Amino acid sequence: MTDTRVCVGCGAPLQSTDERMPGYVPESHLERDDVLCRRCFRIRHYGDFTPISVDEETYQRQISAIFDRPGLVLYVVDVFDLAGSLIPSARRFVASSDVIVVVNKVDLLPADVGYEALADWIRGEVRATGVEPLDVVFISAEKRRGVDRLVDRVARETKRPVYVMGMANVGKSTLLNAMVERLSERKQPFTVSRRPGTTLAMSRLEIEGPYGRVELFDTPGLMYTSRVIERLCGDCLKWVVPRSRVRPRVYQLNPGQALFLGGLVRLETLGGERQGIVLYVSNELPVHRTKRERADSFFADHRYDILKVPCEACADAFADRRSWLVAAPPRRDADFSLGKRGGDIVLPGLGWIAWAGRRTLVRIEAPAWLSLSMRPRLVGVLAHRAHNPQGGGDAP
């Protein structure tokens with residue numbers, strides 16, 4: 001760590017020489033306490049977001065502080081985009097620290113998700129990246145749910161630093177603000193935004209808690225271009241990022257039908273039985289069903305009005321497309337083969353599609369850079385396993 005003064009909101013070093021660079025404040029403000037840079041001030045008061053990304057080399061250089069000075073790491077992940085919120089290089093920096101996986105935004109999940117079994121699955125996914133979690137806890141930082149138990153654990157960390165780590169837009173700064181509110185009288189010291197890339201550098205905050213002094217560190221969020229949220233403007237994000245508990249949307253698809261999830265993802269049923277699927281996506285994301293033979297013309301005519309997202313300004317980032325084949329029963333040429341229990345096809349940054357496992361053949365078209373994956377059903381199989389859990393997990 002350095003003694004350079006930094007913005008309390010995003011961690012950028014303060015400077016008064018170049019208005020176009022991070023950390024700019026007028027020279028007269030440099031000696032004030034808890035200084036916000038101009039960028040953070042405009043985000044908080046006007047919603048005016050200036051996009052600045054942290055490249056991976058800079059990111060790794062900054063979070064190497066965790067390796068040099070181990071402590072307690074709160075590894076924040078987005079429950080709605082677990083695959084997109086796991087940091088591939090995390091194990092290099094947290095090997096000597098205790099790691100608690102903090103699963104954020106659980107207020108967006110359907111009410112019938114089994115938290116115990118979900119904790120087992122998340123623990124397994126994190127272990128697969130080489131990180132051994134001490135615990136898995138569930139919270140909603142924005143709604144302040146499940147935060148109190150976490151705050152009590154953090155308040156007792158008076159002998160070592162506490163780091164909050166995670167990909168961009170998983171809610172790190174929101175969590176820190178929630179903890180600071182509980183531990184002290186300070187209000188919202190860290191800048192938050194619905195846009196990824198708000199925190200730009202390691203930001204330190206010292207708090208006198210009930211058991212002694214606690215050092216909290218916010219870390220910058222790494223951004224990958226394989227996530228939808230990093231390729232959309234602020235207006236488009238309003239349609240894509242869930243703002244309230246997701247309401248499952250059930251569709252019965254006959255062979256020969258197409259289903260649009262905005263202008264982002266397109267499903268076409270090529271064969272099989274009448275198939276019931278459940279969409280777990282933002283309640284605001286437009287979904288439209290039509291016949292396959294009309295799909296191309298409908299998309300051409302209505303991609304910017306009925307389908308809404310991506311808008312014309314964002315469309316180029318979604319122009320490179322590819323297809324995935326989903327089949328039940330399994331077949332060799334399928335990208336995803338469903339067993340009798342079905343499964344979820346995960347759309348990173350958007351949500352997922354739940355399949356029951358009935359006989360079907362479906363083509364999914366999506367941006368080529370979007371890394372689709374399959375998992376056991378989050379609502380259904382996993383939820384049922386919660387009655388016989390193999391592990392823990394705190395539910396908010």
Side-chain angles (χ1 to χ4, degrees), residues 80-81 83-84 225-228 231-232 239-240 248-282 285-304 306-310 314-381:
F80 219 66
D81 185 12
T225 56
S226 60
R227 297 196 302 171
V228 170
R231 295 182 177 240
L232 290 173
W239 301 102
V240 169
R249 289 191 255 181
V250 181
Y251 286 86
Q252 296 293 331
L253 295 181
N254 293 317
Q257 288 187 319
L259 191 70
F260 287 95
L261 281 65
L264 302 168
V265 177
R266 173 172 165 178
L267 283 68
E268 293 187 345
T269 51
L270 308 180
E273 305 173 29
R274 178 179 172 85
Q275 180 75 199
I277 64 169
V278 187
L279 303 181
Y280 296 93
V281 296
S282 169
L285 183 66
V287 176
H288 185 84
R289 179 171 49 185
T290 187
K291 294 183 177 180
R292 279 186 63 203
E293 60 265 27
R294 297 178 183 170
D296 287 340
S297 60
F298 176 83
F299 181 77
D301 294 339
H302 299 293
R303 60 184 302 188
Y304 299 127
I306 294 177
L307 299 180
K308 295 185 184 300
V309 58
C314 298
D316 287 348
F318 295 82
D320 186 14
R321 316 279 290 181
R322 66 154 289 188
S323 295
W324 289 260
L325 197 64
V326 181
R331 47 187 279 177
R332 286 188 175 183
D333 60 341
D335 296 281
F336 303 113
S337 291
L338 302 170
K340 293 182 178 180
R341 292 188 172 185
D344 290 341
I345 303 300
V346 181
L347 313 170
L350 288 175
W352 69 94
I353 307 169
W355 306 78
R358 299 184 66 185
R359 186 172 62 88
T360 191
L361 186 64
V362 174
R363 180 170 59 233
I364 300 178
E365 181 191 281
W369 44 262
L370 195 65
S371 300
L372 272 63
S373 62
M374 188 176 74
R375 68 181 177 204
R377 289 172 61 192
L378 195 60
V379 180
V381 176

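The model shown is predicted, which means the values in this text are computed figures rather than measured ones. Sequential numbering from 1 along the given sequence is applied to the chain's residues.
A distance of 12.5 Å separates NE2 of His288 from CG of Leu261, quoted to the nearest 0.5 Å. The distance from atom CH2 of Trp324 to atom CD1 of Ile345, rounded to the nearest 0.5 Å, is 11.0 Å. To the nearest 0.5 Å, atom CD of residue Gln257 and atom CD of residue Glu293 are 10.0 Å apart. Note that CG of Asp301 and CG of Leu307 are 10.5 Å apart. Values are rounded to the nearest 0.5 Å. Taken to the nearest 0.5 Å, the OH atom of Tyr280 stands 7.0 Å off from the CZ atom of Arg377. The CG atom of Leu347 sits 8.5 Å away from the OG atom of Ser373 when rounded to the nearest 0.5 Å.
Partner of Gln275 under the side-chain contact (heavy atoms from CB on, under 4.5 Å) criterion, chosen from Leu361, Val326, Thr360, Leu267: Thr360. A side-chain contact (heavy atoms from CB on, under 4.5 Å) with Val309 holds for exactly one of Phe318, Trp239, Tyr304; it is Trp239. With Glu365 as the fixed residue, the side chain to side chain donor-acceptor pair (under 3.5 Å) test singles out one of Arg321, Arg266, Arg322: Arg321.
Nearest approach of Leu264 to Pro367, heavy atoms of both residues: O-CD, 3.4 Å. Here the closest non-hydrogen pair linking Val240 and Ser282 is O-CB, 3.3 Å. For the pair Ser371 and Pro348, the tightest heavy-atom approach, listed with the atom from each and the gap, is O-CG, 3.2 Å. Scanning both residues, Leu338 and Pro330, for their nearest heavy atoms gives O-CD, 3.6 Å. The shortest non-hydrogen separation linking Arg303 to Ala315 is NH2-CB, 3.8 Å. Between Asn254 and Thr269, the closest heavy-atom pair is O-OG1, 2.6 Å.
Relative ring orientation between Phe299 and Phe260 is described as parallel, the plane-to-plane angle staying below 30° on a 0-90° scale split at 30° and 60°.
In Arg289, the CZ atom is crowded: over 12 heavy atoms of neighbouring residues, nucleotides or ligands sit closer than 6.0 Å.
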field: Trace of the side-chain contact (heavy atoms from CB on, under 4.5 Å) decision for Thr290 with His302
entry: CA-CA 12 Å; Thr290 187; His302 299 293; over 6 Å; no

- request: Please report the C-alpha distance between Asp81 and Trp352 in whole Å, then the side-chain angles of each, then the deciding distance to 0.1 Å, and finally whether the side-chain contact (heavy atoms from CB on, under 4.5 Å) criterion is met.
  value: CA-CA 9 Å; Asp81 185 12; Trp352 69 94; over 6 Å; no

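Using a 4.5 Å cut-off on side-chain heavy atoms (C-beta onward), Val287 and Leu259 make contact. Two residues are said to be in side-chain contact when any heavy atoms from C-beta on lie closer than 4.5 Å; Ile364 and Phe336 fail this criterion.
Within the 3.5 Å criterion, the main-chain N or O of Leu325 finds a donor-acceptor partner in the side chain of Asp335.
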